2 protein chains.
Amino acid sequence: MAKEKSTEDKIINAARKVFIAKGMDGTRMQEIADVAGINKALLHYYYRTKTKLFERVFTHAFKEVFVVLERAVSNEMDFERFLEKFISQYIKLLKSKSYIPQFVIHELNRNPDLIVKQLQDKSFIKEKLFQLVDQAIEDKVIRPVPPVHLITNILALCIFPFVARPIITGFAMDGDKKKFKTYIDERPEQVIAFVKHAVLINQKEEA
Amino acid sequence: MAKEKSTEDKIINAARKVFIAKGMDGTRMQEIADVAGINKALLHYYYRTKTKLFERVFTHAFKEVFVVLERAVSNEMDFERFLEKFISQYIKLLKSKSYIPQFVIHELNRNPDLIVKQLQDKSFIKEKLFQLVDQAIEDKVIRPVPPVHLITNILALCIFPFVARPIITGFAMDGDKKKFKTYIDERPEQVIAFVKHAVLINQKEEA
DNA sequence: ATATAATTTAATCAAATGGTTAAATCGGAC
DNA sequence: GTCCGATTTAACCATTTGATTAAATTATAT
């Protein structure tokens, strides 16, 4: 609808689209210009180098998938509610930004130094997360599972389907994209139940 | 140690190394030649185009991570043993081929058509896997969880740490690679326990 | 030794690509 | 109107890269 985007916005949006689809190496500045509806000269007029443009896009993408963690740990609630909220919100985010995880993961593997710039001042999130799990164990709400394993397990269950989408669609859904959508819609409920059964100690009464 | 590799082997090994490290787009034929210890002319003498060489490497890499699935479903055993064997063997494989998952996933996202060539004649694996889960549900060995979710959950727990390695190392291990190795060594036990608690119905007595 | 295949050397090509430049044009602010 | 930044056009440059070729050299098998 709205076309009132500034040229800078058009460039950033186009760059994100192309970089996410093709990666840093596979992206051509000309294609970004085409997608943005401008020409290459103007593109370089705004962003002198491909590298600068890429880093801007990457940083933004990284923050988008990381900010949910930030928000999750800041809310106070019991562990079971935390699990529910975190998983459902995270998958909901990924549904609307489904290509970001693969993009971020690929570029971090390509150039691991990028992670250093991104993780500055994020250590408090880690501490809060680990503390949350430790507390739940101490309170005997969950089994004594090493926090790093539980946290990576949850992230794996949320994120993996989006990075492995072509495989899942091809292998288990016969290439039917509609089935994949259904599968993703079922995910929050399935993942929450899976994790709860895996770690919660008191799962007596449930709907 | 053995240096008795044929030139063709040297090329394939070099190509795999470079393609896996830098992806199709990031790979230069000259670098493959350098790593193989030959020159570019000879490289093209064996493999006329980059695309052909890439497809050969990719197909091989894909099969390596897929063949475990194949072997797993062909063995007859009770579901609990199947879980144990499958998870421990899969993680063991990934430990020695840790860069393959990210490679395969990235290239499949880049060019989803590749998956079609790879999944030919693999439908029996899918059917066997689903049937295995269905049977376990019917026998009341596990909770009634949709097979596609259980299967992707298990794969997620096994594979994700390897594709997200830089993030996990950077975020939860302060960049300490040794800690990551320890973490990976703990994975089989942790994942098996996690999945068992998540789905097994009779988990009365355990070590 | 000699024919055949493997390998090197070195040069070359065409195309793609990131980046630059200069001049022209357009559009809005004053 | 005029001034100034935004934008276009179009050409250009240097470099990289995939790929090819011809000729020379080496290794190998017969």
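All chains are named by letter (A, B, ...) in the order of the sequence lines, taking the proteins before the strands, and each is independently numbered beginning at 1. What's counted below: heavy atoms across the whole structure, side chains too, no hydrogens, waters or symmetry copies. It should be emphasised that the depicted structure is a prediction, and the values quoted were computed from it without experimental measurement.
In this structure, B/His44 reaches the D/dA19 phosphate: one of its side-chain N or O atoms is under 4.0 Å from OP1 or OP2. One finds no side-chain N or O of B/Arg28 lying less than 4.0 angstrom from the OP1 or OP2 phosphate oxygen of D/dT16. For D/dT7, the OP1/OP2 oxygens have no side-chain nitrogen or oxygen of A/Tyr45 closer than 4.0 Å. An OP1 or OP2 oxygen of C/dT7 is reached within less than 4.0 angstrom by a side-chain nitrogen or oxygen of B/Thr7.
Distances were taken from every side-chain heavy atom of B/Met29 (C-beta onward) to each of C/dG18, D/dG18, C/dT8; the shortest belongs to D/dG18. Each of D/dT7, D/dT9, D/dA19 was ranked by its minimum atom distance to the side chain of A/Ala41; first place goes to D/dT9. Of all nucleotides listed (C/dG18, C/dT8, D/dT8), D/dT8 comes nearest to the side chain of A/Ile38. For B/Thr49, whose side chain is taken as the heavy atoms from C-beta onward, the closest listed nucleotide among D/dT9, D/dA19, C/dG19 is D/dA19.
Residue-level contact check: A/Thr51 touches neither bases nor backbone, having no heavy atom under 4.0 Å from any strand. B/Tyr46 comes within 4.0 angstrom of sugar-phosphate atoms only, judged by non-hydrogen atoms across all strands, and of no base.
Atoms CD (A/Glu31) and C1' (C/dA16) sit 13 Å apart, rounded to a whole Å. Separating the CG atom of B/Leu42 from the P atom of D/dA22 is a distance of 18 Å, rounded to the nearest angstrom. Spacing between atom CG of B/Leu43 and atom P of D/dT17 amounts to 14 Å, rounded to whole angstrom units. Atom CG in B/Asn39 sits roughly 13 Å away from atom C1' in D/dT26 (whole-Å rounding). Atom CG in B/Asp34 sits about 12 Å away from atom P in C/dT9, given to the nearest Å. Going from atom CG of A/Asp25 over to atom P of D/dT17 covers 10 Å, rounded to whole Å. Atom NZ in B/Lys40 sits roughly 9 Å away from atom C1' in D/dT20 (whole-Å rounding). One can place NZ of A/Lys10 at 14 Å from P of D/dA6, the figure rounded to the nearest angstrom.
Under the 4.0 Å criterion applied to side-chain N and carboxylate O atoms, A/Glu107 and A/Arg110 are assigned as salt-bridge partners. Using a 4.0 Å cut-off between charged side-chain N and carboxylate O, A/Lys179 and A/Asp174 make a salt bridge.
The number of heavy-atom neighbours closer than 6.0 Å to CD of B/Glu189, taken from other residues, nucleotides and ligands shown, is 12 or below.
Put simply, the side chain of A/Lys50 and the base of C/dG19 share no donor and acceptor less than 3.5 Å apart.
For the pair A/Arg56 and A/Phe62, the cation-pi test (distance below 6.0 Å, angle within 45°) is failed.
If you check the side chains of B/Arg16 and B/Tyr99, you find no donor sitting under 3.5 Å from an acceptor.
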